[in-house]
Amino acid sequence: MQAWQVHELGEPGEVMRLADVGRPAPGEGQVLLRVRGANINFPDALMCRGQYQVRPPLPFTPGVEICGETEDGRRVIANPALPYGGFAEYAVADAAALLPAPDALDDAEAAALHIGYQTAWFALHRRARLEAGETLLVHAAAGGVGSAAVQLGKAAGATVIGVAGGAGKAAVARDLGCDVVIDRREQDVVAAVKEATGGRGADVIFDPVGGEAYTQSARTVAFEGRIVIVGFASGTIPSPGLNHALIKNYAILGLHWGLYNTRNPKLVQHCHEQLTELAARGAIKPLVSERVPLAGAADAVQRVADGVTTGRVTVLPSLENGAAA
């Protein structure tokens, strides 16, 4: 089979190499899956660089989220068991963690439903307890996890303010359903949020960016607001001023979604049921901006790493050479 492998750490476009390798052999409690679609996540790029908290042994195949097919023909969503990741024709995954792929979504959309949507759902509902009628501010609203947060916020009855960088991404955020869109390259984010909320600020802030975005969050969070930290795509980890949180009476919440897989897997299953129901009635639908063949995976991972994509980019091994669907 064909699989992308990383033999040395560095930029994805430089260190990912497509090779002919043997199919991985499932270990105890694992199953072999034919990859129908592999969604690209920012952690895939971090893993190539050696900057992610999970560091599989070299060589490894990246790709942490797939829609796959079991030997008996079931379509499932899975997190491949590294080092046999999803940017390949076959991957392995833990049998106990397989989730049924929703019938309402195609392979690319199903591959993109899991990590980003689970992260957004846990952030908004488990950590921040978002309520209907509240205002939700989403940083990187046109990105993979940000677009999920926008859709879930709207489905929960919130007023959603999306922050995006550039006119193109602002248009995507608007199409996703944001009530207010702020182009951070052209507008003062803090002033725009205050104007949109009548000076009150946002009740819940979803921040996968860190850096300057967190500074903006702290200045625009409402009384008894909640800032949920889900990542640091900017590359800068902020140092919150706890005295500021005390004076303004807001909460800073962290979310490491992966912990729920071991600490409370039943909640992961419950979340998937909720997401499946929302997808069935059209309330959410992963924004897949690109579908690329297996041969294009390294270039696609690099573009995700560079922050020039919107929504999700999904690798479909069944696509013919260079043909995107």
Does some side-chain heavy atom of [Y] sit less than 4.5 Å from a side-chain heavy atom of [X]?
{"X": "Q151", "Y": "Y117", "value": "yes"}
{"X": "S318", "Y": "R36", "value": "no"}
{"X": "I284", "Y": "L113", "value": "yes"}

Can you name the residues that form a salt bridge (Lys or Arg N to Asp or Glu O under 4.0 Å) with R303, not counting sequence neighbours?
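So R303 forms a salt bridge (Lys or Arg N to Asp or Glu O under 4.0 Å) with E290, D299.
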Looking at residues at least two apart in the chain, or sitting in another chain, which of them share a salt bridge (Lys or Arg N to Asp or Glu O under 4.0 Å) with E8?
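Listed in chain order: R17.
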Around atom [atom1] of [X], are there more than 12 heavy atoms from other residues, nucleotides or ligands closer than 6.0 Å?
{"X": "E195", "atom1": "CD", "answer": "no"}
{"X": "R219", "atom1": "CZ", "answer": "no"}
{"X": "D103", "atom1": "CG", "answer": "no"}
{"X": "R74", "atom1": "CZ", "answer": "no"}

Polar side-chain atom of [X] near backbone of [Y] as donor-acceptor pair, under 3.5 Å:
{"X": "D94", "Y": "A96", "result": "no"}
{"X": "T314", "Y": "G37", "result": "no"}
{"X": "D306", "Y": "V308", "result": "no"}
{"X": "E65", "Y": "N41", "result": "no"}
{"X": "N79", "Y": "V64", "result": "yes"}
{"X": "K248", "Y": "A218", "result": "yes"}
{"X": "W4", "Y": "L294", "result": "yes"}
{"X": "E109", "Y": "D106", "result": "yes"}
{"X": "D179", "Y": "T159", "result": "no"}
{"X": "R127", "Y": "L124", "result": "no"}

Between H139 and Y214, does the ring centre distance come in under 6.0 Å?
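Ring centres of Y214 and H139 not closer than 6.0 Å.
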Minimum heavy-atom distance between [X] and [Y], given as atom pair plus value:
{"X": "V313", "Y": "A300", "value": "CG1-CB, 3.9 Å"}
{"X": "A295", "Y": "L18", "value": "CA-CD2, 4.3 Å"}
{"X": "Q187", "Y": "A192", "value": "NE2-CB, 4.2 Å"}
{"X": "W121", "Y": "L275", "value": "CD1-CD2, 4.4 Å"}
{"X": "A148", "Y": "G116", "value": "CB-O, 3.9 Å"}

I would like to know whether Y260 and Q118 meet side-chain hydrogen bond (donor to acceptor under 3.5 Å, both in side chains); could you show each step before the answer?
CA-CA 10 Å; Y260 288 94; Q118 288 254 349; over 6 Å; no
Do the side chains of [X] and [Y] join up, straight or via other hydrophobic residues, at under 4.5 Å, putting them in one cluster?
{"X": "W257", "Y": "L278", "answer": "yes"}
{"X": "Y90", "Y": "L33", "answer": "no"}
{"X": "V230", "Y": "L137", "answer": "no"}

If we check side-chain hydrogen bond (donor to acceptor under 3.5 Å, both in side chains) with R34, which of these qualifies: E71, E89, E69?
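Option passing the side-chain hydrogen bond (donor to acceptor under 3.5 Å, both in side chains) with R34: E69.
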Any chance the side chains of H272 and Q274 put a donor and an acceptor closer than 3.5 Å?
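Per modelled atom types, H272 and Q274 side chains form no pair under 3.5 Å.
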